[in-house]
Colleague: 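I am attaching a structure below and will ask some questions about it afterwards.
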2 protein chains.
Amino acid sequence: MAVHVLAVLAYKDGEAVTSTLLASSVNTNAVVIRRLLPLLQAAGLIETTKGAGSGSHLRKKPERIRLDSIYRAVETDEPFTAHSKTPNQACPVGYCIQSALDKVFSSAECAMQEELAKTTLADILKIVKASCSGSDKKRK
Amino acid sequence: MAVHVLAVLAYKDGEAVTSTLLASSVNTNAVVIRRLLPLLQAAGLIETTKGAGSGSHLRKKPERIRLDSIYRAVETDEPFTAHSKTPNQACPVGYCIQSALDKVFSSAECAMQEELAKTTLADILKIVKASCSGSDKKRK
DNA sequence: ACAACTGTAACCTTGAGAGTTACATATAAA
DNA sequence: TTTATATGTAACTCTCAAGGTTACAGTTGT
């Protein structure tokens with residue numbers, strides 16, 4: 001959803017876009033978007049102004065926004081969910097399985113982020129523009 | 001949880017282990033384990049017998065079980081959840097953002113699996129054994 | 001026969017994420 | 001300065017997946 005929002009902002013190229021408009025593209029409620037914007041602001045990806053005729057716009061060029069930074073801006077917890085209950089500490093496996101897996105999982109997540117870093121918002125935008133070059137129906 | 005179960009089976013080295021015992025190590029209900037076992041069977045990782053005095057044991061050597069195969073055996077859906085509602089198709093971004101992201105996300109997941117593939121169950125087992133070499137308290 | 005297992009159905013519980021309503025606040029423009 | 005247009009945020013509800021639980025049918029060694 002975050003990538004979608006940023007893609008719209010990139011598409012609009014600097015123009016101030018309201019949360020209502022973003023919500024209509026994502027097909028969700030404006031409040032859901034407004035909950036997302038502060039995260040993207042904190043990551044320095046967008047800038048948002050208040051008041052009439054305002055909205056959000058990108059703070060960096062799409063070429064300089066990599067998908068891993070979007071991932072980190074938005075994603076709070078690990079992709080691998082830990083046990084809800086802690087394993088049986090009296091069992092030798094239960095005792096140290098978590099720390100053993102933590103290392104493996106965090107390096108797996110790093111690998112995933114490195115792969116995400118290979119794509120920029122500009123790459124996404126290019127695909128979007130290429131796709132609608134034939135049938136250009138822009139609305140709202 | 002699947003890795004935990006397999007690690008216990010590796011630790012017990014061929015011995016038939018009951019779902020009740022596995023559950024006590026993971027600290028969960030035996031039924032949860034029994035729901036997991038068929039997935040590991042289907043992936044050819046374990047073998048389970050029925051009846052009195054039976055249980056599960058590994059079908060391959062721990063050295064030959066890589067974590068990515070465990071991941072695929074257990075994980076059904078993608079780590080990146082798709083939009084619950086489809087985006088606004090009238091918006092050029094909404095129209096093709098999903099297919100654009102699908103490609104990026106699946107290659108990111110591939111990268112993650114390749115990283116997981118670098119670790120085998122034997123590696124996990126080694127950590128476990130090293131960890132409890134000092135304070136060996138084996139129970140149940 | 002019986003006890004020790006797995007398999008599975010049918011439920012409840014929990015937590016995260018999204019969706020919704022309502023309202024306070026900020027601000028450009030009339 | 002007033003008003004329409006925005007964001008920010010609290011306080012819910014909805015939904016769904018994962019785990020947890022109970023109960024019981026089926027299987028097999030002893």
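We name chains A, B, ... by the order of the sequence lines, and we start the count at 1 in each one. Worth knowing before you read on, the calculation uses all heavy atoms, side chains too, and leaves out hydrogens, waters and symmetry mates.
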Colleague: To the nearest 0.5 Å, how far apart are CD in B:Glu15 and OG in B:Ser56?
Modeller: 12.5 Å

Colleague: Would you mind reading off the distance between B:Leu40 atom CG and C:dG7 atom C1', rounded to a whole angstrom?
Modeller: 15 Å

Colleague: Taking the six-membered ring for Trp, are B:Phe80 and A:Tyr71 parallel (under 30°), tilted (30 to 60°) or perpendicular (over 60°)?
Modeller: perpendicular

Colleague: Can you list, by residue number, the residues of residues 43-59 of chain A that have a non-hydrogen atom closer than 4.0 angstrom to DNA chain C?
Modeller: A:Lys50, A:Gly51, A:Ala52

Colleague: Check the distance between C:dA4's P and B:Leu21's CG and give it to me in whole angstrom.
Modeller: 15 Å

Colleague: Does the side chain of B:Ile46 reach to within under 4.5 Å of the side chain of B:Arg59, using non-hydrogen atoms?
Modeller: no

Colleague: Quick check on C:dT6: is either OP1 or OP2 less than 4.0 Å from any side-chain nitrogen or oxygen of B:Arg34?
Modeller: yes

Colleague: Could you tell me whether the side chain of B:Leu58 reaches within less than 4.5 Å of the side chain of B:Leu121, counting heavy atoms only?
Modeller: yes

Colleague: B:Leu39 CG to C:dG7 P: how many Å, rounded?
Modeller: 11 Å

Colleague: Distance-only, no hydrogens or angles: does the B:Ser25 side chain make a donor-acceptor pair with backbone N or O of B:Leu22 under 3.5 Å?
Modeller: no

Colleague: Between atom CZ in A:Phe80 and atom P in D:dA18, what is the gap in whole Å?
Modeller: 14 Å

Colleague: Protein-nucleotides 10-16 of chain C N/O pairs closer than 3.5 Å?
Modeller:
unit_1 : atom_1 : unit_2  : atom_2 : d
C:dA10 : N6     : B:Arg35 : NH1    : 3.3

Colleague: Checking side-chain contact (heavy atoms from CB on, under 4.5 Å) between B:Ile65 and each of B:Leu125, B:Thr120, B:Val3, B:Ile70, which is the one that passes?
Modeller: B:Ile70

Colleague: Can you tell me if B:Thr28 touches the phosphate of D:dG19, counting only side-chain N or O atoms and a distance under 4.0 Å to OP1 or OP2?
Modeller: no

Colleague: Within the structure, does a side-chain N or O atom of A:Gln41 lie under 4.0 Å from either OP1 or OP2 of D:dT7?
Modeller: no

Colleague: Specify the residue among B:Glu75 and B:Ala30 whose closest nucleotide of DNA chain D lies further upstream toward the 5′ end.
Modeller: B:Glu75

Colleague: A:Val74, A:Leu9: one ILVMFWY side-chain cluster at the under-4.5 Å cut-off?
Modeller: yes

Colleague: Rounded off to whole Å, could you give me the NZ-to-P distance for the A:Lys85 and D:dT21 pair?
Modeller: 4 Å

Colleague: Between A:Leu22 (CG) and D:dA6 (C1'), how many Å, whole number?
Modeller: 13 Å

Colleague: Between C1' on C:dC5 and CD1 on B:Ile33, what's the gap in Å once rounded to a whole number?
Modeller: 15 Å

Colleague: I'd like to check A:Lys12 versus A:Leu21 (side-chain heavy atoms, cut-off strictly below 4.5 Å). Are they in contact?
Modeller: yes

Colleague: Rounded to the Å, how far apart are A:Asn27 CG and C:dG19 P?
Modeller: 8 Å

Colleague: Evaluate side chain to side chain contact (heavy atoms under 4.5 Å, CB included) for B:Thr48 paired with B:Gln41, printing each intermediate quantity in order.
Modeller: CA-CA 8 Å; B:Thr48 304; B:Gln41 286 167 31; 2.9 Å; yes

